[in-house]
Novice: 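Here it is, the structure, as structure tokens.
What you see is a predicted model, and the numbers here were worked out from it, not measured in a lab.
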Amino acid sequence: MTELVLRPVRDADHDAWMPLWRGYQAFYKVDIAPQTSAVTWRRFLDPAEPMNAVLAWQGERAVGLVHWIYHRACWSTGDFCYLNDLFAEPDVRGSGVGRALIEHVYRAAEVAGCSRVYWLTHESNDVAMRLYDRIAERSGFVQYRKALPPRA
């Protein structure tokens, strides 16, 4: 296997990122509007934004992505780090790509002074949960949510 290289996204990486982003959406059976994806991409490139993205590369091929967001928390003086999205191409799953991406976020969050990294996954994502159970703790919390109408 070609060496895995993790690198923050650059403007020129959009065409490598987009198929992974679409693969992530397909995995979760969602269709994010192209306009939203365009805004998300611009936020990754804006150093004033708390949003971050890294691609995992094997040679010239991007094989995985991770997105994370820093935010304030009422439970800590340090920010929390929400690992928002994680995806590896199906043919590289089980090879350490997901773990490498998560550990990259751990290191970035530590450097940023965060006190916690956390994420969500769907209860049906058994394969990923086997990895998560080895490298993190389950919180026991159940997520509730309500979609709000878009602002005009």
Novice: Do Leu45 and Ile69 belong to the same hydrophobic cluster, where Ile, Leu, Val, Met, Phe, Trp and Tyr are linked whenever their side-chain heavy atoms lie under 4.5 Å apart, directly or via other members?
Specialist: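 The answer is yes; both residues are in one hydrophobic cluster.
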
Novice: Hey, mind stepping through Asp85 and Val66 against side chain to side chain contact (heavy atoms under 4.5 Å, CB included) and telling me if it holds?
Specialist: CA-CA 5 Å; Asp85 310 302; Val66 66; over 6 Å; no

Novice: So, taking the atom named CZ in Arg42 and the one named CD in Glu49, what distance separates them when rounded to the nearest 0.5 Å?
Specialist: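 The CZ atom of Arg42 sits 10.5 Å away from the CD atom of Glu49.
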
Novice: Is the closest basic N to carboxylate O distance between Glu103 and Arg99 below 4.0 Å?
Specialist: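 Salt bridge flag = yes for Arg99 with Glu103.
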
Novice: So among Val9, Val63, Leu6, which one has a side-chain contact (heavy atoms from CB on, under 4.5 Å) with Leu55?
Specialist: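 Exactly one candidate clears the test, Val9.
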
Novice: Does Leu120 belong to the same Ile/Leu/Val/Met/Phe/Trp/Tyr cluster as Phe141, with side-chain heavy atoms less than 4.5 Å apart forming each link?
Specialist: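 Shared cluster, yes.
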
Novice: Looking at every non-hydrogen atom in both residues, tell me the closest pair between Glu123 and Met129 and how far apart they are.
Specialist: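 The pair with the smallest heavy-atom distance is O-SD, 3.9 Å.
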
Novice: Donor-acceptor pair, distance only, cut-off 3.5 Å: does the side chain of Arg7 make one with the backbone of Trp57?
Specialist: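 Looks like no, no N/O pair under 3.5 Å.
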
Novice: So how far is it from Trp41 CH2 to Asp46 CG, rounded to the nearest 0.5 Å?
Specialist: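 Output value for this atom pair is 13.0 Å.
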
Novice: May I have the step-by-step check of side chain to side chain contact (heavy atoms under 4.5 Å, CB included) for Val97 and Leu4, ending in yes or no?
Specialist: CA-CA 8 Å; Val97 172; Leu4 189 68; 4.1 Å; yes

Novice: Quick one: closest heavy-atom pair of Gly78 and Ser76, and the distance?
Specialist: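 In this case the closest contact between Gly78 and Ser76 is N-OG, 3.0 Å.
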
Novice: Tyr82 and Trp119: which non-hydrogen atoms are nearest, and at how many Å?
Specialist: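 Closest heavy-atom pair between Tyr82 and Trp119: CE1-CA, 3.9 Å.
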
Novice: Is there side-chain contact between Phe80 and Val117, with at least one heavy-atom pair below 4.5 Å?
Specialist: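 Phe80 vs Val117: side chains apart.
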
Novice: Tell me whether Asp133 contacts the main-chain N or O of Arg130 through its side chain, where contact means a donor paired with an acceptor under 3.5 Å.
Specialist: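 Checked: no pair found.
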
Novice: Rounded to the nearest 0.5 Å, what separates atom NE2 in His122 from atom NZ in Lys29?
Specialist: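 His122 atom NE2 to Lys29 atom NZ measures 9.0 Å (nearest 0.5 Å).
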
Novice: Could you check if a side-chain atom of Glu89 sits within less than 4.5 angstrom of a side-chain atom of Leu20, using non-hydrogen atoms only?
Specialist: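 Result yes, sub-4.5 Å side-chain heavy-atom pair found.
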
Novice: Can you sort out the partners of Tyr70 under side-chain hydrogen bond (donor to acceptor under 3.5 Å, both in side chains), two or more places apart, ordered by chain and number?
Specialist: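 Here the qualifying residues are Trp68.
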
Novice: Between Arg10 and Phe44, does the side chain to side chain contact (heavy atoms under 4.5 Å, CB included) criterion hold? Intermediate values first, please.
Specialist: CA-CA 9 Å; Arg10 302 180 299 207; Phe44 292 146; over 6 Å; no

Novice: Do Tyr132 and Asn125 have side-chain atoms, one donor and one acceptor, less than 3.5 Å apart?
Specialist: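 Distance-only check fails for Tyr132 and Asn125.
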
Novice: Please give me the minimum heavy-atom distance between Ser37 and Gln25, naming the atom from each residue.
Specialist: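 In this case the closest contact between Ser37 and Gln25 is OG-NE2, 4.1 Å.
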
Novice: Is there a donor-acceptor pair under 3.5 Å between the side chain of Ser95 and the backbone N or O of Val92?
Specialist: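 Side chain of Ser95 to backbone of Val92: a pair is present.
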
Novice: Treating Thr36 as the side-chain partner and Ile32 as the backbone partner, does any N or O pair qualify as donor plus acceptor under 3.5 Å?
Specialist: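 Checking the backbone N and O of Ile32 against the side chain of Thr36, no donor-acceptor pair under 3.5 Å is found.
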
Novice: Are Phe27 and Val127 in one and the same hydrophobic cluster, where Ile, Leu, Val, Met, Phe, Trp and Tyr link if side-chain heavy atoms are under 4.5 Å apart?
Specialist: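 Per the 4.5 Å side-chain linkage, Phe27 and Val127 are not co-clustered.
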
Novice: Report yes if the side chains of Cys81 and His71 come closer than 4.5 Å at any heavy-atom pair, otherwise no.
Specialist: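 With C-beta onward as the side chain, the pair stays apart.
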
Novice: Run the side-chain donor-acceptor check on residues 145-152: report pairs under 3.5 Å with partners two or more places apart or on a different chain.
Specialist:
none

Novice: So Tyr24 and Leu86, do their side chains get closer than 4.5 Å, heavy atoms only?
Specialist: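 Answer no - side chains too far apart.
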
Novice: Which distance, rounded to the nearest 0.5 Å, do you find between the CG of Leu131 and the CG of Asp126?
Specialist: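 Rounded to the nearest 0.5 Å, the CG-CG separation comes out at 13.0 Å.
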
Novice: Less than 4.0 Å between a side-chain N and a carboxylate O, is that true for Asp31 and Arg22?
Specialist: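 Between Asp31 and Arg22 there is no salt bridge, as every charged N stays at least 4.0 Å from the carboxylate O atoms.
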
Novice: Applying a strict under-4.5 Å side-chain criterion to I, L, V, M, F, W and Y, I'd like to know whether Tyr28 and Met18 cluster together.
Specialist: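 Yes; Met18 is reachable from Tyr28 via cluster members.
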
Novice: For the residue pair Val54 and Leu101, establish whether any side-chain heavy-atom pair is separated by less than 4.5 Å.
Specialist: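 They are in side-chain contact.
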
Novice: After noting the C-alpha distance and the side-chain angles of Trp17 and His67, does the key distance pass the side chain to side chain donor-acceptor pair (under 3.5 Å) rule?
Specialist: CA-CA 11 Å; Trp17 171 79; His67 305 150; 2.9 Å; yes

Novice: Apply side chain to side chain contact (heavy atoms under 4.5 Å, CB included) to the pair Leu83 and Ile102, showing each step before the final yes or no.
Specialist: CA-CA 8 Å; Leu83 193 160; Ile102 292 169; 4.0 Å; yes

